**Student:** 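Sharing a structure, written as structure tokens. Questions coming.
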Amino acid sequence: MEYNFKAIEKKWQQYWEKNKTFKTPDDTTNPKKCYVLDMFPYPSGAGLHVGHPEGYTATDIYSRFKRMKGFNVLHTMGWDAFGLPAEQYAIQTGTHPSVTTNKNCDTFRRQIKGLGLSYDWDREINTTDPKYFRWTQWIFIRLYNTWFDEKLQKGRPVNELTIPDEIKSQGDKEIRKYVDSRRLAYYDNAQVWYCPSCRIVCANEEVLNDGSHEKCGNQVEKKYLKQWMLRIPLYAERLLKGIDDLNWPEGIKEMQRNWIGRSTGAEVDFSIEGLDEKLTVFTTRPDTLFGATYMVIAPEHQLVDQITTGNRQKQVEEYIRLSALKSDLDRTDLAKEKTGVFTGRYAINPVNNTRIPIWVADYVLTGYGTGAIMAVPAHDTRDFEFAKKFGLPVICIQDPDVEDAEKRSAILEGNECWTEDGRYINSASQANGIDINGLNKEAGIARITQWLESNNLGKAKVNYKLRDWLFSRQRYWGEPFPVIHWEDGEISVIDENELPLQLPSLEKYMPGVSGESPLANAGEWLNVTDTNGRRGRRETNTMPQWAGSCWYYLRFIDPHNDNAIFDSAKEKYWMPVDLYIGGAEHAVLHLLYSRFWHKVLFDLGIVSTDEPYQRLFNQGMILAFAYENETGAKIPVDQVTEKDGKHYNTETGDELRQIVAKMSKSLKNVVNPDDVTEKYGADSLRLYEMFMGPLDVMKPWDDRNVKGVFNFIGRTYRFFSDPENITGGEEDIEILKGLHRTIRKVEEDIESLKLNTAISEMMIFLNLVYKKGKVTAETARAFTLILSPFAPHLGEEIWQILGHDRSLAHEPWPEVNPEYLKVDTIEYPVSFNGKMRFKIDLPAGMGKDEIEKAVLSDSRSDKWTGGSKPLKVVVVPGKIVNVVVKPS
RNA sequence: GCCCGGAUGGCGGAAUUGGUAGACGCGCUGGUCUCAAACACCAGUGGCAGCGAUGCUGUGCCGGUUCGAUCCCGGCUCCGGGUACCA
């Protein structure tokens, strides 16, 4: 009988839903627990594409497997539903974003349910639901009320902050200022890109090279707006150290480390000629101080105006004006040609009291270090380029460790830059009592740093690339901040009992004037008065999309709790997440932000683990075929026809080349899972997604290959649904051996997420079953069980046919019997000079000498040995025999 | 530029990380079933030579280490991703 996947899949999906088969167990006494999490999707209007089910299927297989292994499994799905598209649609049509969002969620839910994924749907969450974002706001209040104790490397409540006496004596306002300067969340001016025509703030990537807005083409401008910021760099060290013990892909760990960007060096103070100010620089190479020939400050540096001398004012102002107009992309594009101007003033090098000029250049960034550098052109490539361009002196202070004499003299003469190790020269000052000549880099850095510290000219310093996190958006469709700005300038967060602070309904969703969010038009909602009659205005910014996704894994633990963010006992039981699967595009930001929040919650005693995600796995992107012509122009898929394996443009008749590319609307090569389930069923989609190749690599989708797994499903069904094929009595020994090898392989492969080879092993077993023609009921049961995590509808159906009246979802996983894995003979490949020539069956326990004897006495050896004694025989028991003979 | 991946049949991909290269699947070829086709089932399938046994050759290219290299080392080519002057 043919497999009617449509009817059968529907039947089991209804069964699971009705019987709540995948309800998370309430009992928290089972020591075996497994929290399996997918990165929850943003429900876009386009619906699911085949990339989504890749990760979801992998976690589903893992979850189903763990349930059968006796684990309590928490496996859930939800929606990261705040986001710009719904808001833009609202601006155009007036439809409330929640309407659009809910519609999209319904589509996603319907599509995902059609894949037979074993989520506990009773725990579905939605970040836009006030019952959810109430707790996002609650966490924000926690962040606001936390400071970071650097000594303990720990976040603590602000009421535990000791106020220095000198601050106390200055009164309440100063105390408040002091406390605010320590909070993890603070409110301050931050520079953003603003498009006056769209009246919105744009992200960096929306600003094009020429400084125009991607969407409307008008010029954007830089603007300072009051923003909420989070002091994530305070946690840099903790975030960095925490990475080491995580079971994450090495590449992702490395990316996070680079993003945090720890570098050690020193801060050095330079005095400025004719000014009573110090110019502090950060350098990783304090050892090269003797080679500093000029200094550079960023155009935004605080001291620019003071440093610039009267006669240079015009040029400097012009330079600053021009660099302010550049977008970030623009600054980078100009990377090849460095620009800058001289300020007219000199600094004094503390090691040798030399006068060195101070320049302004935008290759120095305000956001990193102190926004000023000492330039050592002889030993820094960027400084070298700059010095060459502007004719600044290059003084070599390090005799390089190079063999090449020509290169060495070029470096010594200052014609080439050297950044590696070497012995110092020209690096001593008797007057200042410092001499590092002859030392190498490591010793030099140590000596100079020590000297700087003891002379009060600088100190050792660790710097991080990680910057404060800009945590507000000028949007409507996000979590409102639970914050009030009072008329006297005080800022306060609202009482927790008043949460959630809901979004007001608006007539229009157009942004407010001069960069304010649409909430600026919210009328009554905006205004508040406290019991003393003091008036205030609500925060009009909203939180970024990261906010909801930063902690959703915690809410899944106890999603309907209205009294607390979650129950602590439940949190203790389920955390940490045991397996987290999602795309590598979230490698840095989402995972870093989320770890940051988690650590704060940990410090405050709200969660029980220091890290949220124990094991992380990134699925690779699924690509699709696309076509390009001779010139490399891409042709949309609907304009391509295939003939005899070649591809032609339907309009021009040109032959096209098949390439592999990202799925995109413009290429019209997006594969919709609905089409696949319609034609082959959900089990085929699941199996194909897993069978395509390793989970973590990019792979091209090829519809034709779906047939392979579809056939496998049909073959499985036809065989096991036919009572003729199921026998009583003793099982065939080859079947038994094959079965147990398959169980073991599938088990191991699920653990290591090598799901492609698990499937091929099951195919091998099925081929054996077909060859044998009959199996016992016991074999049929075992095979059905191990197949069921991959193809659950098929599994349940066969399970029922085999005589069971309940779902197999909680049946125990078949035990591997090691008896059947034993081998008594080994087929040794015998090679001569490394080339395999024949195979010989030998008993498994045979010793080296005996194997050698058996091989050499085999008549087939004579041909290669020529009858004479071989030079050498290498025997690797259990593996191979290699005979070395004189080449003829 | 830098960092990280990768390159294996006509195609997607296997190979216990130094031990039989090409598992499994697609495609293709042949056979059985059928009036015929589709489905299904069985067999074959890296290339070259040969009726065949078999031989030669073969994991992007060049070289090295080793009894033995897809795997390790050195040097290249190409492809993909990330990143952007981080002092």
Side-chain angles (χ1 to χ4, degrees), chain A residues 2 249-252 254-255 258-259 261-263 265 281-285 288 296 298 328-329 331-336 338 361-365 367-376 380-383 385-386 463-467 584-585 587-588 620-621 623 625 645 658 660-662 687-688 691-694 696-712 714-715 718 745 748 754 756-764 766-767 770-771 827-839 863 870-876 878-885:
Chain A
E2 274 313 299
E250 272 315 310
I252 302 292
E254 203 49 36
M255 280 167 82
N258 292 341
W259 193 265
R262 183 184 205 270
S263 65
V281 301
F282 172 72
T283 174
T284 53
R285 294 293 305 274
T288 58
V296 186
D328 280 11
L329 276 169
R331 270 201 187 185
T332 10
D333 260 15
L334 291 176
K336 280 138 212 146
K338 296 208 185 318
D362 63 9
Y363 82 90
V364 172
L365 310 172
Y368 184 77
T370 61
I373 62 158
M374 64 179 208
V376 185
D380 180 287
T381 4
R382 286 158 310 168
D383 297 345
E385 275 173 44
F386 191 84
N463 240 319
Y464 301 93
K465 276 201 268 185
L466 190 61
R467 292 186 216 170
E585 63 273 21
V588 179
M621 201 186 303
L623 307 172
F625 291 127
Q658 190 182 56
V660 165
K662 277 187 198 180
L687 276 176
Y688 177 59
F691 188 64
M692 289 171 83
D696 56 349
V697 306
M698 290 197 180
K699 333 164 248 283
W701 181 275
D702 188 349
D703 257 326
R704 286 170 305 192
N705 283 337
V706 181
K707 246 186 111 176
V709 292
F710 180 72
N711 287 345
F712 170 67
R715 271 162 73 82
R718 277 192 302 277
K745 176 79 175 155
E748 284 172 1
K754 286 156 74 177
N756 52 332
T757 50
I759 294 168
S760 64
E761 196 67 25
M762 291 188 283
M763 288 174 166
I764 293 170
L766 187 70
N767 289 344
Y770 262 79
K771 197 173 252 168
E827 190 183 46
Y828 279 94
V830 178
S831 40
F832 291 82
N833 291 347
K835 283 205 181 79
M836 209 282 288
R837 296 303 180 181
F838 62 86
K839 290 170 189 172
K863 183 172 174 187
L871 299 172
K872 188 176 177 181
V873 180
V874 182
V875 178
V876 184
K879 289 258 160 129
I880 198 176
V881 179
N882 187 25
V883 184
V884 187
V885 295

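These numbers come from a predicted model, not from an experiment. Each chain gets a letter, A, B and so on, in the order the sequences are listed, and its residues count up from 1.
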**Student:** How many Å lie between CE on Met836(A) and P on U70(B), as a whole number?
**Tutor:** 14 Å
**Student:** Between A49(B) and A40(B), how far is it from one C1' atom to the other, in whole Å?
**Tutor:** 37 Å
**Student:** Keeping Asp383(A) on the side-chain end and Val376(A) on the backbone end, is there a donor-acceptor pair under 3.5 Å?
**Tutor:** yes
**Student:** Nearest whole angstrom, please: distance from the C1' of C24(B) to the NZ of Lys707(A).
**Tutor:** 17 Å
**Student:** For U17(B), measure the glycosidic angle (O4'-C1'-N9-C4 for a purine, O4'-C1'-N1-C2 for a pyrimidine) and name it syn if it falls within 90° of 0, otherwise anti.
**Tutor:** syn
**Student:** Taking the C1' atom of each, how far is U65(B) from G74(B), in whole Å?
**Tutor:** 11 Å
**Student:** Taking the six-membered ring for Trp, are Phe838(A) and Phe832(A) parallel (under 30°), tilted (30 to 60°) or perpendicular (over 60°)?
**Tutor:** tilted
**Student:** Counting only side-chain nitrogens and oxygens, does Lys745(A) get under 4.0 Å of the OP1 or OP2 atom of U16(B)?
**Tutor:** no
**Student:** Round to the nearest Å and state the distance from Asn882(A) atom CG to G19(B) atom P.
**Tutor:** 13 Å
**Student:** For Asn767(A) and G25(B), is the shortest distance between a side-chain N/O and OP1 or OP2 below 4.0 Å?
**Tutor:** yes
**Student:** Between G9(B) and C71(B), how far is it from one P atom to the other, in whole Å?
**Tutor:** 15 Å
**Student:** A84(B) and U17(B): how far apart are their C1' atoms, nearest whole angstrom?
**Tutor:** 35 Å
**Student:** Starting at CZ of Arg837(A) and ending at P of C67(B), how long is that distance when rounded to a whole Å?
**Tutor:** 19 Å
**Student:** Evaluate the side-chain proximity of Tyr363(A) to Glu385(A): yes if any heavy-atom separation is below 4.5 Å, no if none is.
**Tutor:** no
**Student:** Search all heavy atoms of Thr370(A) against all heavy atoms of Val281(A) and return the closest pair with its distance.
**Tutor:** OG1-CA, 3.3 Å
**Student:** What interatomic distance, in whole Å, is found between P of A43(B) and the corresponding atom of C61(B)?
**Tutor:** 35 Å
**Student:** Is the distance from OP1 or OP2 of C11(B) to the nearest side-chain N or O of Asn705(A) less than 4.0 Å?
**Tutor:** no
**Student:** Side-chain N or O of Thr381(A) versus OP1/OP2 of C85(B): is the shortest distance under 4.0 Å?
**Tutor:** no
**Student:** Could you measure between the two C1' atoms, the one in A23(B) and the one in C33(B), and give it in whole Å?
**Tutor:** 30 Å
**Student:** At under 4.0 Å between heavy atoms, what does Asn258(A) touch on the DNA or RNA strands: base, sugar-phosphate, or nothing?
**Tutor:** nothing
**Student:** Between Lys699(A) (NZ) and G12(B) (C1'), how many Å, whole number?
**Tutor:** 11 Å
**Student:** For a quick test of reading the model: is some side-chain N or O of Arg715(A) closer than 4.0 Å to OP1 or OP2 of C41(B)?
**Tutor:** yes
**Student:** Reading 5' to 3' and counting Watson-Crick or G-U wobble pairs with both distances under 3.5 Å, write the dot-bracket notation for RNA chain B, | for bases paired outside the strand.
**Tutor:** (((((((..(((......[....)))((((((.......))))))((((....))))..(((((..]....))))))))))))....
**Student:** Specify the closest pair of heavy atoms between Ala298(A) and Leu365(A), including all atoms of both residues, with the distance to one decimal.
**Tutor:** CB-C, 4.0 Å
**Student:** Is the base of G9(B) syn or anti, if syn means a glycosidic angle within 90° of 0?
**Tutor:** syn
**Student:** When you compare G19(B) with A15(B), how far apart are their C1' atoms, in angstrom units rounded to a whole number?
**Tutor:** 11 Å
**Student:** Closest to the Pro700(A) side chain: C41(B), G13(B), G25(B)?
**Tutor:** G13(B)
**Student:** Specify the closest pair of heavy atoms between Gly708(A) and Met763(A), including all atoms of both residues, with the distance to one decimal.
**Tutor:** O-CE, 4.4 Å
**Student:** When rounded to the nearest Å, what value does the distance between C1' atoms of G47(B) and A21(B) take?
**Tutor:** 14 Å
**Student:** Select base, sugar-phosphate, or nothing to describe what Asn711(A) touches, counting heavy atoms under 4.0 Å on all strands.
**Tutor:** sugar-phosphate
**Student:** Trp701(A) vs Tyr688(A) aromatic rings, parallel, tilted or perpendicular, using cut-offs 30° and 60°?
**Tutor:** perpendicular
